[in-house]
Amino acid sequence: MKSNSIAVYLSENFGLGSEKVSMKPIGSGHINTTMLLTAPKRSLVVQKLNTEVFPEPDMLVKNARLIERHLTKKRQLGEYDLAIIRHVPTVENNYLVDCDNGVWRALEFIGGSYSEDVVLNTSQAQTAANAFGQFAVALEDFDAKQLHHVIPDFHNLAMRAEKLKAVVAKDPQQRLASCQADVDFCFAQFGLIDELKALTGIVPVRPCHNDTKINNMLFCNTSNDAKAVIDLDTCMPGYWLYDFGDMVRTFCSPEQEDSTDLANVCVREEIFAAVVKGYVEPLKGLITEQEKQSFWLGTKVMTFMIGLRFLTDYIDGDHYFSIKHANHNLERAQNQFALYRDILAKKTTLKAILSDV
């Protein structure tokens with residue numbers, strides 16, 4: 001189907017009519033195709049779901065709607081101030097539409113907002129981290145056992161390591177020669193797996209966002225305050241150390257995660273401090289001492305693990321993350337490894353910042 005035909009079909013299904021309908025890309029996600037569907041009276045965010053990544057889209061929607069309802073109750077009680085991303089039903093009261101050889105859903109468009117791919121200053125970092133902290137607190141009494149594991153072992157580093165070993169052994173695209181040094185570097189970091197295992201039973205399992213990238217937080221256009229935490233697709237049981245670590249990974253570098261200016265990829269210490277302050281402040285009274293101590297491990301693990309995943313996908317032929325050119329995933333991996341190396345180099349300073357909260 002042509003893009004205009006897709007727009008009209010989706011617009012009719014989600015009750016926007018068929019007149020003066022347009023659709024354009026929005027956001028910078030790696031997995032789903034995200035578009036802004038605009039009609040005269042209303043705009044919606046529509047997504048073509050990547051069913052290779054999310055093979056059970058109905059479960060994905062079910063999970064997200066459970067979280068929506070919980071957050072709505074919290075907001076009604078005055079216990080959650082942020083806007084809530086909501087699914088929009090079709091005219092037949094379904095939440096998924098088959099179109100263009102794929103499955104689409106619609107989400108309410110939160111206007112008057114913007115997102116960032118690179119944090120500009122400490123105020124922005126602290127604001128966003130605080131919003132993710134508020135989100136974590138609002139879900140503290142949510143029973144995470146209700147959630148279907150839409151991506152099993154999403155943050156399982158041991159499993160990710162085994163996947164890398166498997167694709168390295170097969171080298172299906174004959175790409176290993178171009179990244180052997182990166183593979184060797186990964187293999188040398190697998191001691192992190194034992195560090196994570198040592199936390200089992202020590203830090204509590206929490207309902208987590210699991211994808212706390214800076215561009216999954218919307219800022220208000222007028223006040224620059226936090227407006228909404230978005231992208232609830234990977235909300236599953238987990239550890240807060242993963243959410244903290246993913247904020248560090250995406251907030252602290254002055255470069256985007258696919259930048260090839262590796263000399264400039266580093267941890268901005270003042271941004272790191274702002275993330276720590278912003279995230280921990282709402283968690284006071286809930287967070288355990290062991291959880292706070294685990295944030296250093298989260299800082300290391302999340303940056304390394306996404307680099308490992310980019311590298312695995314590159315060697316395997318780019319099946320998971322969407323790419324813009326042939327070496328995109330390799331460049332992403334090398335970017336993350338540069339950030340990880342800088343994290344290790346600044347261990348003393350970063351751990352001191354964590355110990356002060």
Side-chain angles (χ1 to χ4, degrees), residues 29-31 53 132 149-168 179 181-200 203 205-206 208-216 231 233-253 255-258 262 265 267 272 275 279 291 294-316 318-322 328-347 350:
H30 298 328
I31 308 301
V53 176
F132 282 120
H149 285 262
V150 290
I151 306 180
D153 296 313
F154 187 51
H155 287 332
N156 185 333
L157 182 58
M159 182 273 288
R160 300 293 184 186
E162 291 305 312
K163 281 197 171 184
L164 176 62
K165 291 176 184 177
V167 299
V168 165
C179 59
D182 299 296
V183 170
D184 293 342
F185 176 75
C186 280
F187 281 21
Q189 311 308 312
F190 287 166
L192 290 171
I193 296 169
D194 293 329
E195 291 186 54
L196 283 169
K197 285 181 180 176
L199 290 178
T200 304
V203 295
V205 174
R206 309 277 196 180
C208 292
H209 186 282
N210 287 312
D211 195 16
T212 52
K213 298 182 295 188
I214 182 59
N215 56 22
N216 279 335
D231 194 351
D233 295 345
T234 54
C235 287
M236 291 178 284
Y239 297 140
W240 279 345
L241 71 94
Y242 293 134
D243 279 2
F244 176 81
D246 214 21
M247 281 185 282
V248 173
R249 181 184 78 80
T250 62
F251 287 31
C252 290
S253 175
E255 296 288 324
Q256 293 196 37
E257 69 180 12
D258 60 356
L262 300 186
V265 173
V267 179
F272 181 86
V275 171
Y279 188 58
E291 281 178 304
S294 76
F295 282 3
W296 169 244
L297 181 56
T299 298
K300 295 186 294 180
V301 164
M302 290 306 295
T303 303
F304 171 69
M305 183 156 51
I306 192 66
L308 182 155
R309 290 173 60 198
F310 285 141
L311 183 62
T312 301
D313 201 30
Y314 168 74
I315 298 170
D316 198 34
D318 308 306
H319 298 298
Y320 189 94
F321 298 106
S322 61
H328 202 176
N329 274 324
L330 178 58
E331 291 170 358
R332 288 165 168 159
Q334 291 170 341
N335 175 296
Q336 294 301 287
F337 296 150
L339 183 60
Y340 174 71
R341 286 184 175 100
D342 196 57
I343 287 169
L344 297 183
K346 293 174 177 172
K347 172 182 176 179
L350 301 181

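No experiment lies behind these values; they were computed from the predicted model shown.
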Undergrad: Indicate the atoms forming the closest heavy-atom contact of N210 with C235, along with that distance.
TA: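 Reported closest heavy-atom pair: ND2-C, 4.2 Å.
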
Undergrad: If you measure only the distance, is there a donor-acceptor pair under 3.5 Å linking the side chains of N329 and R332?
TA: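 Short answer, yes.
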
Undergrad: Verify side chain to side chain contact (heavy atoms under 4.5 Å, CB included) between L192 and L297, making sure each step is shown before the conclusion.
TA: CA-CA 8 Å; L192 290 171; L297 181 56; 4.0 Å; yes

Undergrad: Is there a side chain to side chain contact (heavy atoms under 4.5 Å, CB included) between K197 and I193? Walk through the geometry before answering.
TA: CA-CA 6 Å; K197 285 181 180 176; I193 296 169; 3.9 Å; yes

Undergrad: Under a 3.5 Å threshold, yes or no: a donor from one side chain and an acceptor from the other, between D318 and H328?
TA: no

Undergrad: Using ring-ring contact (aromatic ring centres under 6.0 Å, His included) as the criterion, list what pairs up with F132, not counting sequence neighbours.
TA: H209

Undergrad: Below 4.5 Å, heavy atoms only, C-beta onward: do D233 and V150 meet side chain to side chain?
TA: no

Undergrad: How many angstroms lie between atom OG1 of T312 and atom CD1 of I306, to the nearest 0.5 angstrom?
TA: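 That separation rounds to 10.0 Å.
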
Undergrad: Mind listing the closest non-hydrogen atom pair of Y340 and Q189 along with its distance?
TA: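 Heavy atoms of Y340 and Q189 come nearest at OH-OE1, 2.9 Å.
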
Undergrad: Does any part of the side chain of Y314, heavy atoms only, come nearer than 4.5 Å to the side chain of F321, both counted from C-beta?
TA: no

Undergrad: Is there a side-chain contact between Y279 and D243, using heavy atoms and a 4.5 Å cut-off?
TA: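 Yes, close enough: below the 4.5 Å cut-off.
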
Undergrad: When you compare the side chain of F244 with that of T212, does any pair of heavy atoms fall below 4.5 Å?
TA: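 No, too far: nothing below the 4.5 Å cut-off.
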
Undergrad: With rounding to the nearest 0.5 angstrom, report the CG to CE distance, N216 to M247.
TA: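 Between atom CG of N216 and atom CE of M247 there are 11.5 Å.
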
Undergrad: Heavy atoms only: give me the nearest F272-L350 pair and the separation to one decimal.
TA: CE2-O, 3.5 Å

Undergrad: What's the spacing between N215 CG and D231 CG if we round to 0.5 Å?
TA: 8.5 Å

Undergrad: Any side-chain heavy atom of L157 within less than 4.5 Å of one from F304?
TA: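 A side-chain contact exists here, since the closest heavy-atom pair is under 4.5 Å.
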
Undergrad: Atom CD1 of I214 and atom CZ of R249: how far apart are they, to the nearest 0.5 Å?
TA: 12.0 Å

Undergrad: If you look at every heavy atom in Q336 and T303, which pair is closest and at what distance?
TA: O-CG2, 3.3 Å

Undergrad: Any chance you could lay out the side chain to side chain contact (heavy atoms under 4.5 Å, CB included) test for E162 and M159, step after step, and finish with the verdict?
TA: CA-CA 5 Å; E162 291 305 312; M159 182 273 288; 5.7 Å; no

Undergrad: Flag the pair V183 / I315 as yes when at least one side-chain heavy-atom distance between them is below 4.5 Å, and no otherwise.
TA: yes

Undergrad: I'd like to check L241 versus E291 (side-chain heavy atoms, cut-off strictly below 4.5 Å). Are they in contact?
TA: no

Undergrad: Find out whether F190 and L308 are in side-chain contact, i.e. whether some heavy atom of one side chain is under 4.5 Å from a heavy atom of the other.
TA: yes

Undergrad: For Y242, what residues pass the ring-ring contact (aromatic ring centres under 6.0 Å, His included) criterion, not counting sequence neighbours?
TA: H155, Y239

Undergrad: Report yes or no: does D313 contribute a side-chain atom to a donor-acceptor pair with the main-chain N or O of Y320 at less than 3.5 Å?
TA: yes

Undergrad: Say you draw a straight line from CG of D246 to CZ of F251; how long is it, rounded to the nearest 0.5 Å?
TA: 9.0 Å

Undergrad: Inspect the surroundings of NZ in K163 and state if more than 12 heavy atoms from other residues, nucleotides or ligands are less than 6.0 Å away.
TA: no

Undergrad: How far apart are the closest heavy atoms of D342 and V267, and which atoms are they?
TA: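 Smallest heavy-atom distance, with atoms named: OD2-N, 2.7 Å.
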
Undergrad: Measuring from I151:CD1 to N156:CG, what's the distance to the nearest 0.5 Å?
TA: 13.0 Å

Undergrad: Looking only at heavy atoms, what is the nearest atom pair of C208 and G238, with distance?
TA: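 Scanning both residues, the minimum pair turns out to be SG-C, 3.5 Å.
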
Undergrad: Side chain of R160, backbone of F154: donor and acceptor closer than 3.5 Å?
TA: yes

Undergrad: Between K300 and E195, is the closest basic N to carboxylate O distance under 4.0 Å?
TA: yes

Undergrad: Could you go through the side chain to side chain contact (heavy atoms under 4.5 Å, CB included) check for S294 and W240 one step at a time?
TA: CA-CA 9 Å; S294 76; W240 279 345; over 6 Å; no

